[in-house]
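We count residues from 1, following the sequence as given.
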Amino acid sequence: GAAILKTICTEYSSMPDMIIEKIGYGAGKKDFKGAANILRLVTGWSGKTGCVTGKEAASSAPSAIEKLWVTEANVDDMNPEIAGYLMERLFDYGALDVYYTPVQMKKSRPGLLITILSTLKKRDELKEILFKESTTIGVRAYMVEREALERFILSVSTGYGKVDVKVSTLRGRRINIQPEYEMCRALAIKKGVALKKIMARAVAAARAGSKKVK
């Protein structure tokens with residue numbers, strides 16, 4: 001049994017939140033003192049691994065759910081110029097998101113709450129950067145769930161040039177359509193056209209459908 005698990009498993013952890021499909025039990029021939037010689041197998045769909053098919057997938061499958069980590073620190077003695085550099089470094093080293101929130105700290109000092117979203121794999125590396133590059137002397141970390149819509153990129157023609165558009169879907173239905181800002185900005189400057197006009201045309205073209213890039 002141990003050999004089979006080692007061969008077919010990619011990771012070991014506690015049971016994830018999931019839609020349970022089947023539960024099976026098997027009893028071994030040996031009797032052990034203090035423990036039942038029984039194996040329980042649970043199969044299901046967790047939103048990140050496994051699969052559900054047919055009508056069940058269409059009706060019950062949520063958008064992707066990930067286990068991520070939030071790392072936070074409060075500072076009230078850091079040069080604002082360092083804050084900009086720190087954010088760049090954190091993104092360069094794999095942070096999924098970084099943002100600053102103004103906070104009021106002890107002795108009525110205005111401060112900054114630094115918040116970093118990352119995977120477990122990147123958490124410690126990003127925490128080290130936070131210690132090295134900021135003035136904080138302590139951080140907090142806790143696990144969160146992130147539920148994200150499925151996304152793909154469309155390449156559309158606006159009449160002024162091509163633009164990539166990010167399309168988000170939920171159970172196959174388009175929810176959000178967002179043109180790539182920098183591409184729209186470059187076309188607006190090059191063609192002398194209002195940015196909002198370029199963006200509106202890109203959205204309209206995406207609704208009509210165009211070539212999927214990725």
Side chain to side chain contact (heavy atoms under 4.5 Å, CB included) for L90 and I129? Distances and angles first, verdict last. CA-CA 7 Å; L90 292 169; I129 293 172; 3.9 Å; yes
Linked, directly or transitively: L68 and L149 (ILVMFWY side chains, under 4.5 Å): no
Evaluate the side-chain proximity of T7 to I4: yes if any heavy-atom separation is below 4.5 Å, no if none is. no
Whether Y100 side chain and A83 backbone form a donor-acceptor pair below 3.5 Å: yes
Are side-chain heavy atoms of V165 and I177 found at a separation under 4.5 Å? yes
Please test V75 against I114 for side chain to side chain contact (heavy atoms under 4.5 Å, CB included), starting from the C-alpha separation and ending with a verdict. CA-CA 8 Å; V75 295; I114 304 169; 4.2 Å; yes
Report yes if the side chains of E72 and N74 come closer than 4.5 Å at any heavy-atom pair, otherwise no. no
With a 4.5 Å cut-off on side-chain heavy atoms, are V98 and F91 touching? yes
Any chance you could lay out the side chain to side chain contact (heavy atoms under 4.5 Å, CB included) test for K122 and L96, step after step, and finish with the verdict? CA-CA 10 Å; K122 291 289 184 178; L96 299 174; over 6 Å; no
Under the side chain to side chain contact (heavy atoms under 4.5 Å, CB included) test against C184, which residue among T158, I198, V193 passes? I198
Taking the side chain as every heavy atom from C-beta outward, state whether L130 and T136 have any pair of such atoms under 4.5 Å apart. yes
Checking side chain to side chain contact (heavy atoms under 4.5 Å, CB included) for the pair D164/K166: CA distance, chi angles, key distance, verdict? CA-CA 7 Å; D164 286 347; K166 182 187 294 183; over 6 Å; no
Do N37 side-chain atoms and K30 backbone N/O form a donor-acceptor pair below 3.5 Å? yes
Within the structure provided, determine whether M199 and Q178 are in side-chain contact (heavy-atom separation under 4.5 Å). yes
Are there over 12 heavy-atom neighbours, none belonging to R140, within less than 6.0 Å of that residue's CZ? yes
With the side chain counted from C-beta on, respond yes when R201 and Y160 share a heavy-atom pair under 4.5 Å apart, and no when they do not. yes
Can you check whether A202's main-chain N or O pairs, donor with acceptor, with R207's side chain at less than 3.5 Å? no
Under 3.5 Å donor-acceptor, E180 side chain and E182 backbone: yes
Salt bridge or not between D92 and R89? Use side-chain N to carboxylate O under 4.0 Å. no
Please check if atom CD1 in I137 has more than 12 non-hydrogen atoms from other residues, nucleotides or ligands closer than 6.0 Å. no
Can you see whether R151 engages N176 through a side-chain donor-acceptor pair at a distance of less than 3.5 angstrom? no
